[in-house]
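Read the structure below first, then the notes.
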Amino acid sequence: MTYMIEVLRQEHCNIESLLCVLEQELSMFERGDHPDYEVILAVINYFKDYPDSCHHPKEDLIVEKLKMRDPSEMATVGDLDAEHQERAKRLRRVALAVERVLSDQDVLRQTVNDIVRDFIKHERKHMAMEERVVFPTALNALRPEDWADIAERLASRDDPFYQPGFEEKFKTLRRNILKMSEEAKAERA
């Protein structure tokens, strides 16, 4: 079932669009201009919630099936859970750096730049690895019944954090962030 992989790839594209927004605002900061902190905070909040509540659970189900279907292939995939935890730590560092800037604490521009760039770089590296290794491995190893089970489990999620329309909420939030970003660009022009 390539549908699930296509969903994950589209989610990666959506994440990339927000990384570009973050990068754009960071470039303003690097030049000594004032970025739109409302946009930056919206992106940070999106990244705090969306991956762990909507994106990673899909990947986790695929990895769980891969472990059962072909444990030897899992060695090529690595520890996605550990990478996701590292991602959360990097995001906390980004949020803290921005919080320090907004509260007028002494923080070097270069330090903020390094922290945010590190987050962006690792997000892209992680997604590229999933596209290059995890998704092809899953497509090769999993059987139609595995994909059917994954789809069924996602359709009947009992996670108290997950509610009908939850992913739509993030789609709307992402659209609003992109709109805010465009408005900020227009104001600067």
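- Nearest heavy atom pair, residue Pro57 against residue Ser53, reads CG-O, 3.7 Å.
- Glu83 meets the salt bridge (Lys or Arg N to Asp or Glu O under 4.0 Å) test with no other residue; sequence neighbours excluded.
- A salt bridge links Lys89 with Glu86; the closest basic N to acidic carboxylate O contact falls under 4.0 Å.
- Applying the salt bridge (Lys or Arg N to Asp or Glu O under 4.0 Å) definition to pairs two or more places apart or across chains, those involving residues 120-132 are Arg9-Glu131, Glu16-Arg124, Glu23-Arg124, Arg87-Glu123.
- When the salt bridge (Lys or Arg N to Asp or Glu O under 4.0 Å) test is applied to Glu11, the partners found at least two apart in sequence or on another chain are Lys58.
- Residues forming a side chain to side chain donor-acceptor pair (under 3.5 Å) with Arg90 (at least two apart in sequence, or on another chain): Asp118, His122.
- Looking at Ile40 and Val116, their side chains never come closer than 4.5 Å, going by heavy atoms from C-beta outward.
- With hydrophobic clusters built from ILVMFWY side chains whose heavy atoms lie under 4.5 angstrom apart, Met68 does not share a cluster with Trp147.
- Sequence neighbours left out, the pairs with a member in residues 78-121 that pass ring pair (Phe, Tyr, Trp, His ring centres under 6.0 Å) are Phe47-Phe119, His56-His84, His84-His126.
- Atoms CZ and CZ, from Arg109 and Phe29 in turn, are 4.5 Å apart once rounded to the nearest 0.5 Å.
- By the salt bridge (Lys or Arg N to Asp or Glu O under 4.0 Å) test, Asp70 pairs with no residue at all, sequence neighbours left out.
- Remark: Met4 CE to Leu139 CG distance equals 11.5 Å, nearest 0.5 Å.
- By the side chain to side chain donor-acceptor pair (under 3.5 Å) test, Gln10 is found to be paired with Asn14, residues two or more places apart in sequence or in another chain being considered.
- The NE2 atom of His12 sits 9.5 Å away from atom CD1 of Ile5, with the distance rounded to the nearest 0.5 Å.
- Sorted by first and then second residue, the salt bridge (Lys or Arg N to Asp or Glu O under 4.0 Å) pairs with a member in residues 36-45 form an empty list; sequence neighbours excluded.
- In the hydrophobic clustering of ILVMFWY residues, with side-chain heavy atoms under 4.5 Å counting as a link, Leu19 and Val39 come out together.
- Between Glu59 and Ile62 there is no side-chain heavy-atom pair separated by less than 4.5 Å.
- The distance from the CD1 atom of Ile44 to the OH atom of Tyr37 is 10.5 Å, given to the nearest 0.5 Å.
- Contact of the Asp149 side chain with the Glu64 side chain is not registered, since no non-hydrogen atoms from C-beta on lie closer than 4.5 Å.
- Here the SG-CG distance, from Cys20 to Leu26, works out to 12.5 Å after rounding to the nearest 0.5 Å.
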Which donor-acceptor pairs under 3.5 Å do side chains of residues 93-101 form with protein atoms, sequence neighbours excluded?
{"from": "Arg100", "atom 1": "NE", "to": "Gln105", "atom 2": "OE1", "distance (Å)": "3.3"}
{"from": "Arg100", "atom 1": "NH2", "to": "Asp106", "atom 2": "O", "distance (Å)": "2.9"}

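- With hydrophobic clusters built from ILVMFWY side chains whose heavy atoms lie under 4.5 angstrom apart, Met28 does not share a cluster with Ile177.
- With sequence neighbours excluded, the residues satisfying side chain to side chain donor-acceptor pair (under 3.5 Å) with Asp114 are Gln110.
- The salt bridge (Lys or Arg N to Asp or Glu O under 4.0 Å) check on Asp104 picks up nothing, with sequence neighbours excluded.
- Counting heavy atoms from C-beta outward, Leu8 and Val134 have side chains that stay 4.5 Å or more apart.
- Side-chain atoms of Asn140 come within 3.5 Å of backbone N or O of Pro136 as a donor-acceptor pair.
- Taking OG1 of Thr137 as the start and CG of Leu66 as the end, the distance is 7.0 Å to the nearest 0.5 Å.
- Without hydrogens or angle criteria, Asp146 side chain to Arg143 main chain gives a donor-acceptor distance under 3.5 Å.
- Residues satisfying the side chain to side chain donor-acceptor pair (under 3.5 Å) test with Asp81, not counting sequence neighbours, are Gln85.
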